[in-house]
Amino acid sequence: MKIEDCFYIGYITKTKGLKGEVQVYFEYEDPADLPLDSVFAEINGKLVPFFISTYKLQNNQTGNFYFDDIDTIEKAQALIRKKLYLPNNLKPVREDDEFLITDLKGFIVHDETAGELGEIIEIHEYPQQFVAVVSYKFKEIMFPLNDDLIVEIDEENGILKVDLPEGLIDLYLGE
């Protein structure tokens, strides 16, 4: 199996306990949709298969895993910071009408107070939220993409209407 034939799902962050359990941080947006019977870990530039005996997903993009043949903390420690992959043929297929927050990249942002801010050039994913980056007056401004700030999403016209907190834009502009 080659890396080109796989997609990245996350990495092993740490060991848990003494019996080989590890914690995985998922960078894949919805780990519950993944078929987690086995994974490939990148070790010395090669993909090595690991069969999963049991696992439990958490709400914070992490999960606790036991792999077959990894039954001591010493064996588990060798896997810390290893990237994990699944074959491309196991990647969940999105529905045509499914809209994800990351699909907002390229949308034009309109703030209720400041008016048009510009295009979303990047969307960063943090453990608790997504953050949009917009180039406005030659500066990058950032704001969280959450229900409190989003007023409307116009998919047809590619417009995101927001109500940003007073003073947020001024912080970035240094005014």
Side-chain angles (χ1 to χ4, degrees), residues 3-14 22-42 52 55-65 81-175:
I3 288 182
E4 318 58 88
D5 301 327
C6 296
F7 66 101
Y8 175 68
I9 60 169
Y11 61 94
I12 296 172
T13 56
K14 63 183 179 179
V22 294
Q23 182 181 62
V24 172
Y25 177 76
F26 287 97
E27 293 191 27
Y28 186 82
E29 55 209 36
D30 199 355
D33 289 346
L34 297 172
L36 296 171
D37 302 319
S38 63
V39 294
F40 289 91
E42 183 181 1
I52 298 168
Y55 70 92
K56 182 172 185 348
L57 297 178
Q58 308 296 326
N59 291 332
N60 60 355
Q61 290 293 103
T62 65
N64 299 330
F65 285 76
R81 288 188 289 288
K82 300 298 183 211
K83 293 179 179 178
L84 299 178
Y85 296 86
L86 283 176
N88 284 333
N89 65 339
L90 296 179
K91 191 170 192 172
V93 178
R94 276 177 59 181
E95 300 293 324
D96 288 341
D97 60 348
E98 187 177 359
F99 186 84
L100 302 175
I101 200 83
T102 51
D103 293 335
L104 289 172
K105 185 173 179 180
F107 275 49
I108 303 299
V109 178
H110 288 267
D111 178 52
E112 292 199 334
T113 308
E116 185 175 316
L117 300 180
E119 180 181 340
I120 296 177
I121 55 174
E122 197 66 50
I123 295 178
H124 298 292
E125 182 178 353
Y126 295 104
Q128 300 300 324
Q129 66 186 350
F130 290 91
V131 175
V133 179
V134 176
S135 183
Y136 178 67
K137 293 187 178 179
F138 306 106
K139 302 255 179 164
E140 283 189 352
I141 62 169
M142 299 171 70
F143 59 90
L145 292 168
N146 62 39
D147 293 340
D148 297 335
L149 301 181
I150 295 174
V151 176
E152 179 186 347
I153 298 173
D154 181 351
E155 286 183 61
E156 198 171 300
N157 296 310
I159 295 172
L160 174 67
K161 293 183 181 174
V162 295
D163 186 12
L164 297 180
E166 187 177 329
L168 178 72
I169 296 171
D170 297 337
L171 281 173
Y172 288 100
L173 299 179
E175 296 175 358

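Quick caveat: nothing in here was measured; it's all calculated off a predicted structure. For the single chain, residues carry numbers from 1 onward in sequence order.
For Glu140, the CD atom is loosely surrounded, since the number of other residues' heavy atoms within 6.0 Å does not exceed 12. The number of heavy atoms from other shown groups lying within 6.0 Å of NZ (Lys161) does not exceed 12. With a 6.0 Å radius and a threshold of 12 heavy atoms from other residues, nucleotides or ligands, Glu4 has its CD atom above the threshold. Few gaps surround CD on Glu152; more than 12 heavy atoms of other groups in view lie less than 6.0 Å from it.
What you find for Ile52 and Val39 is that their closest heavy atoms are CD1-CG1, 3.9 Å. Contact record, Asn88 with Cys6: OD1-C, 3.1 Å, taken as the closest heavy-atom pair. Shown here for Phe26 and Leu57, the closest heavy-atom pair between the two residues is CE1-CD2, 3.6 Å. Shown here for Tyr8 and Leu84, the closest heavy-atom pair between the two residues is CD1-O, 3.6 Å. Between Leu36 and Pro31, the closest heavy-atom pair is CD1-O, 4.2 Å. Minimum heavy-atom separation, Ile123 to Lys105: CD1-N, 3.4 Å.
Interatomic distance, CZ of Phe107 versus CG of Asn157, reported as 9.5 Å (0.5 Å rounding). Put simply, CD1 on Ile108 and CG on Asp154 are 11.5 Å apart, with the number rounded to the nearest 0.5 Å. Ile141 contributes atom CD1, which lies 4.5 Å from atom CG of Leu117 (distance to the nearest 0.5 angstrom). Note that CD1 of Ile9 is 10.5 Å distant from CD of Glu27, once rounded to the nearest 0.5 Å. Taking CG of Leu168 as the reference point, atom OG1 of Thr113 lies at 11.0 Å (rounded to 0.5 Å). Atom CG of residue Asn64 and atom OH of residue Tyr55 lie 12.5 Å apart, to the nearest 0.5 angstrom.
The side chain to side chain donor-acceptor pair (under 3.5 Å) search around Tyr11 returns none, not counting sequence neighbours. In this structure Phe143 satisfies the ring-ring contact (aromatic ring centres under 6.0 Å, His included) test with no other residue, sequence neighbours excluded. Under the rule for a side chain to side chain donor-acceptor pair (under 3.5 Å), the partners of Glu42 that lie at least two apart in sequence or sit in another chain are Tyr85. Taking Thr13 as the reference, Gln23 meet the side chain to side chain donor-acceptor pair (under 3.5 Å) condition, with sequence neighbours excluded. For Phe7, the ring-ring contact (aromatic ring centres under 6.0 Å, His included) partners two or more places apart in sequence, or in a different chain, are Tyr28. Here Tyr136 pairs with nothing under the ring-ring contact (aromatic ring centres under 6.0 Å, His included) rule; sequence neighbours left out.
No option in Val109, Ile121, Ile169, Val162 other than Val109 meets the side-chain contact (heavy atoms from CB on, under 4.5 Å) test with Val134.
Remark: side-chain polar atoms of Asn146 are paired, donor with acceptor, to backbone N or O of Leu149 under 3.5 angstrom. Between the side chain of Gln61 and the main chain of Tyr25, no donor-acceptor pair closer than 3.5 Å is present. One N or O on the side chain of Asp111 and one on the backbone of Leu164 form a donor-acceptor pair closer than 3.5 Å.
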Checklist entry - Under the side chain to side chain contact (heavy atoms under 4.5 Å, CB included) criterion, do Leu34 and Leu90 qualify, and how do the steps go? => result CA-CA 8 Å; Leu34 297 172; Leu90 296 179; over 6 Å; no
